[in-house]
Amino acid sequence: MGSTVLSLRIDGELLDRLRQHAAKRGMSVQDYVVRTLIRDDFDERFKAAVDETEKFYGSEGAAGVGAEEIT
């Protein structure tokens with residue numbers, strides 16, 4: 001997979017906040033933004049997978065898979 005350039009125009013205040021968040025993690029702003037986008041994409045795909053599982057098993061069945069009932 002190759003890489004492509006994405007150019008963004010953002011507010012100076014937002015860029016400062018991104019720099020602060022990236023610095024806390026010892027990352028460049030570019031790496032921080034890319035990692036955030038990847039994480040958000042994973043979260044969306046994971047939620048979609050959970051939704052599909054719930055549709056297949058039903059919301060009660062999916063929650064109870066592998067769980068023992070405590071009485």
Asp43 vs Lys47, test: salt bridge (charged side-chain N to carboxylate O under 4.0 Å, His left out). Steps then yes/no. CA-CA 6 Å; Asp43 290 347; Lys47 182 178 179 338; over 6 Å; no
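To the nearest 0.5 Å, the span separating CZ on Arg9 from CG on Leu14 amounts to 14.0 Å. Once rounded to the nearest 0.5 Å, the distance linking OH of Tyr32 with CD of Gln20 reads 10.5 Å. Once rounded to the nearest 0.5 Å, the distance linking CD1 of Ile10 with CZ of Arg17 reads 9.5 Å.
Under the 4.5 Å side-chain heavy-atom criterion for ILVMFWY residues, a single connected hydrophobic cluster contains both Leu37 and Leu15. Put simply, Leu8 and Met27 are part of the same group of oily side chains (I, L, V, M, F, W, Y) that touch within less than 4.5 Å, one to the next. If you chain together hydrophobic residues whose side chains sit under 4.5 Å apart, Leu6 and Val29 fall into the same group.
Applying the salt bridge (charged side-chain N to carboxylate O under 4.0 Å, His left out) test to pairs two or more places apart or on separate chains, those with a residue in residues 19-34 are Asp16-Arg19.
A pairwise comparison of heavy atoms in Ala22 and Ser28 identifies CB-O, 3.7 Å as the closest pair.
The existence of a salt bridge linking Glu52 and Lys55 is confirmed by a sub-4.0 Å separation between a basic side-chain nitrogen and an acidic carboxylate oxygen.
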